[in-house]
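Right, one structure below, let's go through it.
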Amino acid sequence: MGTEIFTKAASAKPANLAIQYDLESLVILLGHTFLIGAFLCLITYFSNRHLLKDPKEPSEEKINLILGTMNILYLCMGLSCVMILVNNNLARAFAIGAAIALVRFRIKLGKSSANSNILFSIVCGIACGLNELTLAWLSAGAYLLITLLVRIVTGSIQKKVVKNNNNKVNEIGAN
């Protein structure tokens, strides 16, 4: 009787709580994260738009509001990748936290977008180090997509701001 219990206990496999992701599930997960992050960005933009001096006119103030709200999307995508990397592993969680803290407090960040650069760099580097190359490439692709989206939106507003400023200068010069 005693040997049967020992044999059952020895042959029992421990519960593996780590989740294995294939390419399709990673794309679906990160796609949902992107859509939810974009939805949160829109909510934030439209709820804070009333704070602008003239919400309908293009301005530097509007560009700053858009850049601020886009940080939500960077954080959603970056932290989703971090949680996939942690994958129920306490050592990985401490390693990621330590890496982010070390880099963040060691480097003086000059631009507001530098935080997202560092977050995605750390995520991609740790993913490569853990041989999670699919996640690393998807994270890099997500970062590229968000950055291009920010550039397109703010670039079009910036062109309108420059055009409006030139028109105002020409009007002042004509008077």
Can you hop from [X] to [Y] via hydrophobic side chains spaced under 4.5 Å?
X	Y	answer
V27	I84	yes
L75	I146	yes
L30	M83	no
F34	M70	yes
L145	V150	yes

request  = Could you check if a side-chain atom of L52 sits within less than 4.5 angstrom of a side-chain atom of R49, using non-hydrogen atoms only?
outcome  = yes
inquiry  = Counting C-beta onward and ignoring hydrogens, is there a side-chain heavy-atom pair between L65 and E61 closer than 4.5 Å?
reply    = no
query = Looking at D54, L67, V161, I157, which one forms a side-chain contact (heavy atoms from CB on, under 4.5 Å) with K62?
reply = I157
How long is the span from the [atom1] atom in [X] to the [atom2] atom in [Y], to the nearest 0.5 Å?
X	Y	atom1	atom2	answer
I72	I36	CD1	CD1	13.5 Å
L144	R151	CG	CZ	13.5 Å
Q158	S59	CD	OG	10.0 Å
F39	L73	CZ	CG	13.5 Å
L42	S47	CG	OG	10.5 Å

Of all the heavy-atom pairs spanning [X] and [Y], show the shortest one and how long it is.
X	Y	answer
L40	C76	CD1-SG, 4.1 Å
G78	V123	O-CG2, 3.9 Å
F120	Y74	CE1-O, 3.5 Å
I66	T69	O-OG1, 2.9 Å
S80	T33	OG-OG1, 3.3 Å
C81	L135	O-CD2, 3.9 Å

request  = Spell out, as yes or no, whether a donor-acceptor pair under 3.5 Å connects the side chain of R92 to the backbone of L85.
outcome  = yes
